[in-house]
Amino acid sequence: MPVRKMPWPHAPTHQLEERGTYFVTAGTYLKEHYFRERKRLDVLQRGLLTVAHDFAWQLEAWAIFSNHYHFIAHSPETDDSSASFSQMLGVLHARTGAWVNKLDKTPRRKVWHNFWEPKLIYQKSYFARLNYVHQNPVKHGLVVVGNQYRWCSAAWFERTTSNAMVESVYRFKFDQLNVLDDFSPVLD
């Protein structure tokens, strides 16, 4: 009987054949805190916003930390698939990895490890994850209210969205969500 190859749990299959809305989590190698300083978080946030714009991905929410980030984004309307996603993250990770390695004088060090990108197909799941991303800095104990965390979209969301929509999204519970978020970020 042939031996079946077992999939490695740290190497998820990326399924980006279809356009859609994705909930993304990416982590640093060994969960190291390469982005623990404010300047580094600024660069990572600016990098995410820039590459999303450059690749025509529409960001809905984001939260960026010392050793991981989450975001929700819609694939480009002009593409039949979400194939540009891996390329977009490749650019983000290459640029931010090279930049942080230059700062730390550690050329060729592995900075980013992996990413997970479940496609959101149910409206309740989408809204719960929007709330999750906006409240993630609170979950990690970095602020009391999500909109107080500078590297999160909560304040932007509250400014640019109707009060009714903000209240509606913030009512969605997320404690039962299955989200890969066993990170413990820090901030210097």
Side-chain angles (χ1 to χ4, degrees), residues 6-36 40-76 79-101 104 106 108-122 125-126 128-137 139-140 142 149 151-154 174 177-187:
M6 295 294 292
W8 289 96
H10 64 276
T13 302
H14 301 293
Q15 300 176 357
L16 296 160
E17 295 86 26
E18 303 173 0
R19 287 183 53 229
T21 302
Y22 291 86
F23 173 71
V24 179
T25 299
T28 58
Y29 185 64
L30 300 176
K31 300 179 185 175
E32 291 291 330
H33 300 282
Y34 297 126
F35 298 92
R36 70 185 309 147
R40 293 174 184 223
L41 288 166
D42 286 343
V43 168
L44 182 53
Q45 178 170 258
R46 190 170 48 249
L48 173 61
L49 297 175
T50 299
V51 298
H53 177 268
D54 291 350
F55 282 85
W57 279 76
Q58 182 183 351
L59 287 176
E60 290 286 321
W62 64 90
I64 298 169
F65 304 100
S66 60
N67 60 354
H68 74 290
Y69 62 79
H70 304 284
F71 69 82
I72 295 174
H74 304 290
S75 59
D79 292 350
D80 291 333
S81 72
S82 296
S84 65
F85 177 81
S86 293
Q87 185 182 6
M88 176 182 73
L89 284 192
V91 169
L92 175 66
H93 292 173
R95 287 179 183 169
T96 57
W99 180 79
V100 78
N101 281 344
D104 295 340
T106 55
R108 296 185 299 274
R109 171 182 64 184
K110 183 175 180 175
V111 174
W112 294 104
H113 177 57
N114 212 338
F115 65 89
W116 301 264
E117 77 299 324
K119 183 178 179 186
L120 302 178
I121 54 176
Y122 300 108
S125 176
Y126 167 70
R129 281 172 172 74
L130 276 177
N131 193 20
Y132 180 86
V133 172
H134 290 139
Q135 304 311 319
N136 207 243
K139 174 192 177 286
H140 287 303
L142 299 171
Y149 189 70
W151 303 278
C152 174
S153 58
F174 54 81
L177 291 177
N178 183 14
V179 175
L180 292 166
D181 194 356
D182 59 344
F183 299 89
S184 298
V186 297
L187 179 60

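The chain is numbered in sequence order, starting from 1.
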- Query: Do the non-hydrogen side-chain atoms of Thr21 and Glu60 ever get within less than 4.5 Å of each other?
  - Reply: no

- Value for OG (Ser153) from NE2 (His70), rounded to nearest 0.5 Å, stands at 11.5 Å

- Return the minimal non-hydrogen interatomic distance between Pro185 and His33, and the atom names on each side. CA-CE1, 3.9 Å

- Going from CZ on Phe71 to OG1 on Thr25, what distance comes out if it is rounded to the nearest 0.5 angstrom? 9.5 Å

- Item | Separation of Leu130 CG from Ile72 CD1 (nearest 0.5 Å) | 4.0 Å

- Note on the structure: Lys31 meets the salt bridge (Lys or Arg N to Asp or Glu O under 4.0 Å) criterion, sequence neighbours left out, with Asp182

- Note on the structure: Arg46 meets the salt bridge (Lys or Arg N to Asp or Glu O under 4.0 Å) criterion, sequence neighbours left out, with none

Extract all donor-acceptor atom pairs below 3.5 Å that involve side chains of residues 87-99 and protein atoms in other chains or at least two apart in sequence.
from	atom 1	to	atom 2	distance (Å)
His93	NE2	Tyr69	OH	2.6
Thr96	OG1	Leu92	O	2.8
Thr96	OG1	Trp112	NE1	3.0

- So do the side chains of Lys110 and Leu30 get within less than 4.5 Å of each other, counting heavy atoms only? no

- According to the interplanar angle, ranging from 0 to 90°, do the rings of Phe174 and Tyr132 count as parallel (below 30°), tilted (30 to 60°) or perpendicular (above 60°)? perpendicular

- Item | Minimum heavy-atom distance Ser84-Trp57, with the two atoms named | OG-NE1, 2.9 Å

- Would a line drawn from the ring center of Tyr22 to the ring center of Phe115 be shorter than 6.0 Å? no

- Message: Nearest 0.5 angstrom please: Asp181 CG to Asn136 CG, how far?
- Response: 4.5 Å

- Distance-minimising heavy-atom pair for His134 and Pro137: O-CD, 3.7 Å

- Rounded distance [0.5 Å steps], NE2 in His140 versus CG in Asn67: 8.0 Å

- Would a 4.5 Å heavy-atom cut-off, applied to side chains only, mark Ile64 and Phe35 as touching? no

- Message: Applying side-chain hydrogen bond (donor to acceptor under 3.5 Å, both in side chains), can you list everything that pairs with Asp42, at least two apart in sequence or on another chain?
- Response: Arg150, Trp151

- Query: To the nearest 0.5 Å, what is the distance between CD (Gln45) and SG (Cys152)?
  - Reply: 8.5 Å

- Just jot down the ring-ring contact (aromatic ring centres under 6.0 Å, His included) partners of Phe183, sequence neighbours excluded, or say none. His68

- ring-ring contact (aromatic ring centres under 6.0 Å, His included) filter on Tyr34, not counting sequence neighbours, yields none

- Quick one: are Leu44 and Arg40 in side-chain contact, heavy atoms under 4.5 Å? no

- Close side-chain approach of Val133 to Phe23, heavy-atom, < 4.5 Å: yes

- For the residue pair Leu41 and Ser66, what are the closest heavy atoms and their distance? CD2-N, 4.0 Å

